[in-house]
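Remarks on the structure that follows.
We count ligands from 1, going down the list as the structure has it; atoms in each ligand are counted the same way.
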Amino acid sequence: MTRARADTPPDVHPSLSGLSKAIVDKLAKLGLARKFDLALHLPLRYDDETALCPIADVMPGEELLVQGTVTDCDIKFRPKRQLVCRIMDDSGEALTLRFLNFYGSQVKLLAVGNVIRAFGNVRLGHFGAEMVHPRFRVASGDMPVAQSLTPVYPTTAGLGQDMLRRLIARALADESLTELLPPSLLDALGLPAFGAAVKLLHNPPPDIAQASLQGRTHPAWRRMKFDELLAQQLSMRVHYQRRRAAGAPVLCVRGKLVSALLASLPFQLTAAQNKVLAQVRGDLQQAHPMQRLLQGDVGSGKTVVAALAALQCIENGYQAAVMAPTEILAEQHYRKFSEWLEPLGLKVAWLSGSLKKSEKKQSLANISQGEAMIAVGTHALFEDEVIFKNLGLAIIDEQHRFGVHQRLALRMKGTQPNKGAQPHQLMMSATPIPRTLAMSYYADLDVSVIDELPPGRTPVVTKLVSEERRDEVIQRVRDACVDGRQAYWVCPLIEESETLQLQTALDTYAHLQETFPELRVGLVHGRLKGAEKQAVMAAFKQGEVQLLVATTVIEVGVDVPNASLMVIEHAERMGLSQLHQLRGRVGRGAAESACVLLYQTPLSPMAKERLKVIYENTDGFEIARQDLQLRGPGELLGARQSGVPMLRFADLALDLDLLDAAREAAERLLRDEPEIAKGHLARWLGGRNEYLKV
Ligand code: ADP
Ligand code: MG
């Protein structure tokens, strides 16, 4: 029975009470915690058990329901032990049912003379049509066939389809599937009622076009997708508004330090840099925390924008923090910021996991006493022992590399002296996010884009070279280095094992040292100690090392303009954004630059497709868009790590119209009908409101 809407508080959904712990645990594995979650656990596909097929008409390759009388049933021992049963129906034809595993109880059910109804895949055996391991039961003469398609659910070991079907059927009967959204909204979008859509998807009528279910284009599917996207948009907007409600220091534009840095730069800001800088500067003057994501392709010049934002903060007497995900990148920022800010009389503190105890103590003291107005570091900056005197701005580079908790930790630093106030946040990313993804996953952020590269860059020529032509590549590296230029050699990515990855890097290094006795070859990888890494990078930067063998640790942010050649081994194993980032390490100086993608044949069709994308495109946004189409959003964003829950139903590559509609609806509901928004969020997210925790 459906409960009356009035006495059902929207945020109460019965738990899975009344079920054994074993079953509750299994359901938890599927992410099902509430009875209502069961209603949203939609089928993967359907079996059609709505009509009996005469045995004379069965076709190999089809899944069918048949019914017949058992004429033979024997345990055979050749080629191995198995139960072979034959049934015959009114059409006069026989079908074999074969069981390679079976119980005594099944043998009894299949006794000669019994009428059996069996569902399974038909194949052609030695003795005509047969079903292997069909689902079957004993049929009484006029037992009705199913009225709707039989759902097949995603499940987990130990939880059979029958059990899951029963649980879900019960949930559908018990749960209130009342409509929560206004009819006007649904009418405008041509979407069916919630309850009808859910019920249809679990038990579709036999005459439905199965393709529209499989392809998730049926209106019932669109309703589920819309609701899911609406929940996502609502929660991100709520999240955004909540953070906005917090106080933040007002950082006025004063200009002294900012102008001094601008005057000292050997270049002019691009129009795109000026545009985003204006947006950032405007945000910093607000009394609530900035939550801005600064996107810009590799090499678009985000760092200087960050430095100018930091100076605006410092001019107002507040500290700024700059954090990067890797030691190499953090170190590079430290150098850059020191080079830019120390001449202005500012002390830059450096903090990383590899500092000596005494150095660390000094840095911590400088930060807590306000001696250093700016601190640069790795996630060491998040640690509890780091206490800022008054943090006004946290800058986070390559933000998608950090977990949600780490970002939160840095925000909390600001509350130290001034409870309630939070630092402004500027996040930066060189992973271009297509518009659909940005709208979906960054709906809780304001986004600025640097859509222009500084002038004078030479485009990087990309070459695809098969592993068999490695010798030519080696000659090319030699020529470039002898010519006074520098090169990167990126080792293959080995996802399965970090140890193997390291070994491969060591082998490649040894091998290249042998190959190039006349060159100074360096090696940098993730396992090196901080100081060792710094030493190698410094030597490369100064030109002492000509060829740098590296794992993908150099993927983000490394800036050595004299390096004009990059070789990437086993490029087919790497992701597109990774390749794009790597390639962005060259083409930073005046010399003509090239990126050689070595690949191992034969290439899978997917690998071919991906290499084609990177070969044909230089624009990071276009690459990301195509990547989204090839791989889906999860991999592109690394969203699992960043804590953003994935969409189960909607597909951002296909459902752009629904996403647009959901975003509009979310804004309108929050403004005009907050109770409806609240009810929808409770229904969809229940206790697991991941979005709101951030
Ligand atoms: P990214 O956006 O990838 O972090 P960086 O901030 O490292 O890029 O900038 C790449 C390089 O371009 C740096 O050497 C930087 O000094 C230089 N750069 C930044 N802005 C400009 C500009 N407007 N004109 C010329 N060079 C610039
Ligand atoms: Mg950068």
Side-chain angles (χ1 to χ4, degrees), residues 258 261-280 292-311 321-341 343 376-378 395-402 426-433 447-460 486 488 537 540-543 552-564 566 577-591 593 595 618-621 623-624:
V258 171
L261 176 58
L262 283 173
S264 76
L265 292 174
F267 51 75
Q268 300 264 305
L269 295 189
T270 61
Q273 282 170 317
N274 274 319
K275 178 191 71 188
V276 302
L277 188 60
Q279 292 165 337
V280 170
R292 188 167 287 278
L293 175 67
L294 175 53
Q295 280 195 32
D297 212 340
V298 199
S300 60
K302 296 182 288 295
T303 319
V304 70
V305 174
L308 291 163
L311 287 177
V322 181
M323 198 176 40
T326 68
E327 187 109 359
I328 288 184
L329 186 53
E331 161 86 14
Q332 194 167 284
H333 280 328
Y334 173 58
R335 278 177 207 281
K336 214 48 210 213
F337 276 79
S338 302
E339 178 193 318
W340 283 338
L341 305 195
V376 180
T378 57
I395 297 168
I396 303 172
D397 200 5
E398 301 300 335
Q399 61 88 26
H400 59 286
R401 297 271 181 134
F402 287 103
L426 179 64
M427 287 159 269
M428 304 198 283
S429 172
T431 306
I433 305 294
V447 180
S448 295
V449 181
I450 305 187
D451 50 8
E452 168 188 18
L453 292 181
R457 296 280 162 85
T458 39
V460 180
Q486 291 170 281
Y488 296 98
M537 289 311 293
F540 188 58
K541 194 145 197 165
Q542 281 147 32
T552 50
V553 296
I554 61 154
E555 179 191 339
V556 285
V558 174
D559 187 24
V560 179
N562 191 46
S564 62
M566 170 169 289
S577 77
Q578 201 168 27
L579 287 172
H580 178 65
Q581 295 274 317
L582 282 168
R583 184 171 60 181
R585 302 304 114 217
V586 291
R588 302 191 151 221
S593 293
C595 177
T618 53
D619 174 4
F621 277 90
I623 291 170

Legend entry - Side-chain donor or acceptor of S593 paired with backbone N/O of A591 under 3.5 Å: yes
Legend entry - Test: R335 and E331 ion pair at under 4.0 Å: yes
Inset, instruction - Provide the number and element of each atom of ligand 1 under 4.0 Å from a heavy atom of L269. - result: 23 (N)
Inset, instruction - Evaluate the criterion salt bridge (Lys or Arg N to Asp or Glu O under 4.0 Å) for residue pair K302 and D397; output intermediate values, then yes/no. - result: CA-CA 9 Å; K302 296 182 288 295; D397 200 5; 5.8 Å; no
Legend entry - Proximity winner for atom 9 (O) of ligand 1, if only heavy atoms of P455, G301, P561 are counted: G301
Legend entry - Rounded distance (nearest 0.5 Å) linking atom CD of Q295 with atom CE of M427: 11.5 Å
Legend entry - From Y334 atom OH to E327 atom CD, the distance as rounded to the nearest 0.5 Å: 13.0 Å
Legend entry - Within-shell test, M428 vs ligand 1, heavy atom, strictly < 4.0 Å: no
Legend entry - Contact check, G296 vs ligand 1, heavy-atom distance below 4.0 Å: no
Inset, instruction - Look only at interatomic distance and state if V298 has a nitrogen or oxygen under 3.5 Å from any nitrogen or oxygen of ligand 1. - result: no
Inset, instruction - Identify, by atom number and element, the atoms of ligand 1 in contact range of Q268, meaning under 4.0 Å from any of its heavy atoms. - result: 22 (C), 23 (N), 24 (N)
Inset, instruction - Please say whether F267 places an N or O atom under 3.5 Å from an N or O atom belonging to ligand 1. - result: no
Legend entry - Taking every non-hydrogen atom, the tightest pair across A272 and E452: N-OE1, 3.0 Å
Inset, instruction - State, with a plain yes or no, whether a side-chain heavy atom of V449 is found less than 4.5 Å away from one of F621. - result: yes
Inset, instruction - Could you list which atoms of ligand 1 come closer than 4.0 Å to a heavy atom of T303? - result: 4 (O), 5 (P), 6 (O), 7 (O)
Legend entry - Ligand-residue contact atoms, ligand 1 with T270, heavy atoms, under 4.0 Å: 23 (N)
Legend entry - Polar atom proximity, Q273 to ligand 1 (N or O, under 3.5 Å): yes
